Structure formats: C-alpha cells, structure tokens
Amino acid sequence: MRKAEVTLVCKMNFEVSTKQPKSRRILVIDDDKDSLEILLEPLRWEGYDARGVTSDTEAHKLIDSWIPHVVILDWMAPSMAGLRILKAIRERLAHVSCVFVSENSSTEAIIEALDAGADDYIVKPFVPLELLARIRTQLRIRDLHEQLLFANEKLKELVDTDDLTGLYNMRSLYQRLDFEMERGRRFHRDVCVVMMDMDYFKTVNDGHDHLFGSYVLSEVGKIIRANTRNIDIPARYGGDEFLVVLTETNHEGATYFCERLRENIQKTTFKNGDDQIKLTASVGFAITIPGENISARELVRRADHALYDAKRGGRNKVCHYKPEAAPVVELKTAAQNRRKAAG
C-alpha cells in the first residue's frame, strides 16, 4: 500500500460535509404538543426535515421506516420513560445522535442521561439559536463518523488488493478461500480454484522495458475481472501468475470459464505506445470432491499441478486436476519446474 494512496483517501474523506439542511432528518419526541412545537419551530427555520411525535408507538414506527439522523426527546415525559426510548433507539440505530431536552437541570439527571448513551443534554428553557448550534454539532460528528467508515473501507481495499492489477492479493485470498470451502462443505456446493500463468512472459521484459511488462499485467487483471462474477474471487498469485476462486461451479462451468479466459487473452493485442505484443496463457483448475475434507492450500496445490500439466502439454491450453492420474506435488516444486521450462 503506497503512502500517497493512504494520504489521498484520508484527505478525500475528512473534508467538511456540504449536505443541505433539507436532507437532514430530525425526529422530535415529546408528549406535550406545545413543547413539541417549540422544539420543531427553530428546526424548521433552519430548513431541516423535522417531524414530531407524541407517543412511543409513533416514535418506533418513524425510527424503523424514516431512519432519522438526530432524535430529540424529553427526559421526563410522563407517558414514556426517556431511558427506555433511548435504549430502543440504540438497538435499532447505533449511530443516530440522541439529544435529551428536560426541565430537570440536576447534575445527577445529566450524568445519568449521558452515561445511558445520550449525546447531549439541553436544559429547558433553552435559547433556540443554542439548540440549532448543538444540532449542527451532532450532525458534524455524524458526518465525520461516516467519513471515517468510508476511509477505513478504502484503506482495507488497499490492504487486500494488488497494487498493479486491482485484484485481491494472497494476503486476503486464503482467508476468503477458507470461508468458501467451509460454506461449500456445509451446503454441499462445489468450489473451484483456477490457476493461470502467462506463457513465456519473460520475453515481455526481455524484449521491452519493465514498464510495459507492468502494463501487460494490469491489462490481464482487467480481462480477468471482466470474465468473473461478483461472487468469484480473482487474485494475483505473484509475478505473472493469477488465481481465481469460482463458487458454485461444476466441472463443465469451470471448463467453460477457463477456455473463455484463455481465448480472451490469446486474441488480445497488448499495446502501449510503440510497444505491443501477443501472448497466450496456460490454465489449470481443481474442484472439490464431495465428501472429501481438504484444506484451501491443498486445493490450490491441485490446481497448480493441473497448471503444470498445461505447461508441460504445450502451453496455451486448459487442464484439470486428475487425482487418479497424477499425485499432488508441492506447490513450490511445480512453480520451480514451470520457471525452468520457461527458460
């Protein structure tokens, strides 16, 4: 993960929000209609989408359907306990801002409300401009929280994906493959691992510069993404090798996928500036056997063995793992053999 990318993500997502007031949903809960209108009036001045209710039943319906950003509620409303409403809100909407408004100005009441999960406590009578300032503060905090979540997701993507191709890297691949194999065992579904290696890729770097080689790998990543489904897991295995996990795919479907991928690479002319080249790829795949309990790494070894068969059989072809015809070999040995065969 490059430092510049991290800096860019953080800069993009911690900028001040420019959301319009009318997009902010504020729910006011107070069983006294006069008090309710006193709270709603300044919110409407500000242009917020503000709604008021006088019962906990109405409140629960709006919380579930309307999903407010801020909830203002009376701490001491006779017909409903403030803490009970607060707890119900927190169970439904973990990140909504809850502001108590009450005539009770005692230190004990304020401490109890804040300790129970309230984000702010305003004592009646209040100054409308102060109420609006406190609401703006809660909305800023909410925006920062959303931006932080977004930034964290982007950072996680940078950690989990290969810099050059945009595919998953091996750091995250095995965790995802373990999960899919466990799911496949539980629901009796096939899991397939596809290994692909570019044929004679050494000629790309020998006949051109390394920047062109990087360009080719990037384009191969695009071809792989274009041929995989959302439920599949495409990854760069290392160098010019790629791995794809196909879920809920039988032997026929895996063969079709591999042949289509191989053909798409064969018919592509990789061109960047004055440099261009035609390449082919060898593909091997292995599918889980019903009733057999193997590890993710074992399934990858089998796919790698099938890939070695494709290389040994003349390249630019697809082979599948045949347990009755070939023993499982160590992954490192197979990779070394392919490099030796490639010269």
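For reference, positions follow the sequence shown, starting with 1. In this text, all values refer to a predicted model and were calculated from it rather than measured experimentally.
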Please determine whether salt bridge (Lys or Arg N to Asp or Glu O under 4.0 Å) holds for the pair Glu130 and Arg134, giving the CA-CA distance in whole Å, both sets of side-chain angles, and the decisive distance to 0.1 Å. CA-CA 6 Å; Glu130 180 185 346; Arg134 289 176 181 265; 2.9 Å; yes
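The pair Arg302-Glu292 meets the salt-bridge criterion, with a side-chain N (NZ, NE, NH1 or NH2) lying under 4.0 Å from an Asp/Glu carboxylate O. The pair Asp232-Arg229 meets the salt-bridge criterion, with a side-chain N (NZ, NE, NH1 or NH2) lying under 4.0 Å from an Asp/Glu carboxylate O. Salt-bridge formation is not detected for the pair Arg301/Asp304: no Lys NZ or Arg NE/NH1/NH2 atom is positioned less than 4.0 Å from an Asp or Glu carboxylate oxygen. Remark: Asp74 engages Lys124 in a salt bridge, criterion side-chain N to carboxylate O under 4.0 Å. Using a cutoff of 4.0 Å between basic side-chain nitrogens and carboxylate oxygens, Asp143 and Arg24 are scored as salt-bridged. Salt bridge Lys19/Glu146: present, at least one basic N to carboxylate O contact under 4.0 Å. Here Asp240 does not pair with Lys202 in a salt bridge; the nearest charged N to carboxylate O distance is not below 4.0 Å. In this structure, Asp190 does not pair ionically with Arg183, as no charged nitrogen and carboxylate oxygen lie closer than 4.0 Å.
Side chains of Ser102 and Asn104: no donor on one and acceptor on the other come within 3.5 Å.
For the pair Leu43 and Ala50, the tightest heavy-atom approach, listed with the atom from each and the gap, is CB-CB, 3.9 Å. Residues Leu86 and Ala118 approach most closely at CD2-N, 3.8 Å, considering heavy atoms.
Ring planes of His251 and His320: perpendicular class, angle over 60° (limits at 30 and 60°). Under the 30°/60° scheme for interplanar angles, the aromatic rings of His208 and Phe212 are found to be tilted.
The closest side-chain heavy-atom distance from Phe285 to Val244 is not below 4.5 Å.
Under a hydrophobic clustering in which Ile, Leu, Val, Met, Phe, Trp and Tyr are joined whenever their side-chain heavy atoms come within less than 4.5 Å, directly or via other members, Ile122 and Val70 fall into the same cluster.
Both tests hold for Arg189 against Phe187: distance to the six-membered ring centre under 6.0 Å, angle to the ring axis within 45°.
In terms of modelled atom types and a separation under 3.5 Å, the side chain of Thr165 and the main chain of Leu167 share a donor-acceptor contact.
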